[in-house]
Amino acid sequence: MSYKQLENAMSISKVLSANDTGETGGHQAGMLIPKTGGVLSFFPLLEKDEKNPRASLKFIDSSNDEWKFMFIYYNNKFFNGTRNEFRLTGMTKFIRQNNLKAGDKIILSCERDGTRTIKHERAKTEETKNVLKLGSSWKVVKI
DNA sequence: AGCCATGCACCG
DNA sequence: CGGTGCATGGCT
């Protein structure tokens with residue numbers, strides 16, 4: 001009797017930063033993966049004893065297209081350098097095709113059969129929605 | 001911890 | 001030769 005059913009159909013999401021989408025001029029080719037929030041458990045375990053280990057992952061989007069991303073652990077901090085972070089690279093085409101901008105969200109899911117899917121969520125840019133004008137110079141005065 | 005930025009290698 | 005992506009350093 002085992003109780004392991006947590007690894008089924010999990011999904012994570014990441015809000016794109018300007019640098020992730022390339023808007024800052026950086027040629028990043030992908031996005032940073034936060035080390036916190038349990039996000040890492042979505043990805044395969046990488047060999048931390050070797051430098052910059054990586055895993056190629058296949059994702060299916062909503063139109064059933066297949067995408068190949070590279071999950072890389074830049075860990076040269078434990079070798080020569082200063083890096084200690086995870087990245088998902090090779091996403092430029094996907095970002096462009098869907099016209100994703102900073103603030104938009106990427107949702108990655110993992111089905112029970114191991115299939116990984118990718119979705120995106122447009123940021124709600126209704127910035128002036130809650131700026132309800134109430135005639136602030138008027139107020140009720142009791143006499 | 002996460003985001004920004006860049007030199008260089010590679011490929012069209 | 002210019003765009004793209006990797007790897008890496010720097011800055012907040």
Side-chain angles (χ1 to χ4, degrees), chain A residues 1-140:
Chain A
M1 296 125 210
S2 56
Y3 294 83
K4 39 172 47 180
Q5 29 186 247
L6 282 175
E7 39 202 1
N8 287 340
M10 72 172 295
S11 63
I12 61 172
S13 68
K14 167 79 163 62
V15 176
L16 264 31
S17 70
N19 201 40
D20 288 335
T21 59
E23 291 174 68
T24 57
H27 21 240
Q28 203 60 45
M31 65 182 187
L32 174 96
I33 304 296
K35 293 198 285 298
T36 54
V39 175
L40 285 180
S41 52
F42 173 86
F43 294 99
L45 241 54
L46 294 177
E47 189 54 64
K48 27 195 185 308
D49 294 333
E50 81 182 63
K51 185 180 176 181
N52 296 354
R54 65 204 57 210
S56 183
L57 299 177
K58 189 177 64 176
F59 290 90
I60 309 293
D61 70 8
S62 44
S63 15
N64 249 313
D65 280 332
E66 190 174 306
W67 298 89
K68 204 84 168 180
F69 300 141
M70 196 65 83
F71 177 57
I72 310 180
Y73 181 23
Y74 287 104
N75 64 347
N76 70 17
K77 175 172 193 173
F78 308 117
F79 297 88
N80 291 318
T82 58
R83 292 304 98 190
N84 179 27
E85 62 195 37
F86 295 85
R87 280 222 186 79
L88 197 61
T89 71
M91 304 184 66
T92 305
K93 266 176 297 175
F94 181 83
I95 289 174
R96 282 187 186 170
Q97 171 171 313
N98 297 292
N99 264 301
L100 298 180
K101 295 292 191 299
D104 292 343
K105 197 188 299 183
I106 296 261
I107 302 116
L108 303 174
S109 306
C110 190
E111 312 296 332
R112 281 190 293 263
D113 60 2
T115 304
R116 292 169 207 274
T117 60
I118 182 169
K119 289 181 292 192
H120 59 90
E121 195 172 283
R122 208 77 180 168
K124 310 172 187 175
T125 53
E126 340 219 353
E127 44 230 50
T128 50
K129 194 87 176 271
N130 51 359
V131 195
L132 209 46
K133 288 198 167 186
L134 283 182
S136 50
S137 54
W138 288 87
K139 44 180 97 170
V140 176

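Letters A, B, ... mirror the listed sequences (proteins, then strands); counts begin at 1.
- The CZ atom of A/Phe78 sits 15 Å away from the C1' atom of C/dT8 (whole-angstrom rounding).
- Whole-Å rounding puts the A/Arg54 CZ to C/dT8 C1' distance at 13 Å.
- For C/dT8, the OP1/OP2 oxygens have no side-chain nitrogen or oxygen of A/Asn80 closer than 4.0 Å.
- Contact of A/Glu23 with B/dC4 (side chain to base): no donor-acceptor pair of N or O atoms is detected under 3.5 Å.
- OP1 or OP2 of C/dA7 has not a single side-chain nitrogen or oxygen of A/Lys77 nearer than 4.0 Å.
- What separates CD of A/Glu85 from C1' of B/dG2 is a distance of 7 Å, to the nearest Å.
- Where A/Gly25 and A/Ile33 meet DNA chain B, the nucleotide closest to each residue was compared, and A/Ile33 sits on the side nearer the 5' end.
- Per the geometry, CD belonging to A/Gln97 stands 15 Å off P belonging to C/dT4, to the nearest Å.
- Of all nucleotides listed (C/dG5, C/dG9, B/dG2), C/dG5 comes nearest to the side chain of A/Ala29.
- Checking side-chain atoms of A/Asn75 against main-chain N and O of A/Glu50 turns up a donor-acceptor pair under 3.5 Å.
- Close to C/dG9, at under 4.0 Å from its OP1 or OP2, lies a side-chain N or O of A/Asn76.
- If you measure from atom CG of A/Asn75 to atom P of C/dC6, you get 16 Å, rounded to the nearest angstrom.
- The closest donor-acceptor contact from the side chain of A/Arg54 to the backbone of A/Asn52 lies under 3.5 Å.
- The side chain of A/Arg87 contributes no N or O atom lying less than 4.0 Å from OP1 or OP2 of C/dG5.
- Between C/dT4 and A/Thr92, no contact under 4.0 Å exists linking OP1 or OP2 to a side-chain N or O.
- In this structure the side chain of A/Phe94 reaches within 4.5 angstrom of the side chain of A/Phe69, judged on heavy atoms.
- Among the protein residues, A/Asn52 comes within range of the sugar-phosphate backbone only, with heavy atoms under 4.0 Å from sugar or phosphate atoms but none that close to a base.
- Side-chain nitrogen and oxygen atoms of A/Ser17 include at least one within less than 4.0 Å of the OP1 or OP2 phosphate oxygen of B/dC4.
- The phosphate of C/dC6 (OP1 or OP2) has a side-chain N or O of A/Thr89 nearer than 4.0 angstrom.
- One interatomic measurement links the two molecules: CG of A/Leu16 to C1' of B/dG2, which rounds to 14 Å at whole-angstrom precision.
- Looking at heavy-atom distances under 4.0 Å, A/Lys93 makes no contact with the nucleic acid at all.
- At least one side-chain heavy atom of A/Leu108 sits less than 4.5 Å from a side-chain heavy atom of A/Leu88.
- Contact between the side-chain N/O atoms of A/Thr36 and the OP1/OP2 oxygens of B/dG2 is found at a separation under 4.0 Å.
- For A/Arg83 against C/dG10, a side-chain N or O and a base N or O form a donor-acceptor pair under 3.5 Å.
- The base of C/dT4 has none of its N or O atoms less than 3.5 Å from a complementary donor or acceptor on the side chain of A/Arg96.
- Nearer to the 5' terminus of DNA chain B, by closest-nucleotide assignment, is the contact made by A/Pro34 (compared with the other of A/His27 and A/Pro34).
- Rounding to whole angstrom units, NZ of residue A/Lys35 and C1' of B/dC3 are separated by 12 Å.
- Rounded to whole angstrom, the span from the CD1 atom of A/Ile72 across to the P atom of C/dT8 amounts to 10 Å.
- Between the side chain of A/Asn76 and the main chain of A/Asn80, no donor-acceptor pair closer than 3.5 Å is present.
- At least one side-chain heavy atom of A/Trp67 sits under 4.5 Å from a side-chain heavy atom of A/Gln97.
- Evaluation of atom-type donor-acceptor distances gives a pair under 3.5 Å for the side chain of A/Gln28 against the base of B/dA5.
- Close to C/dT8, at under 4.0 Å from its OP1 or OP2, lies no side-chain N or O of A/Tyr74.
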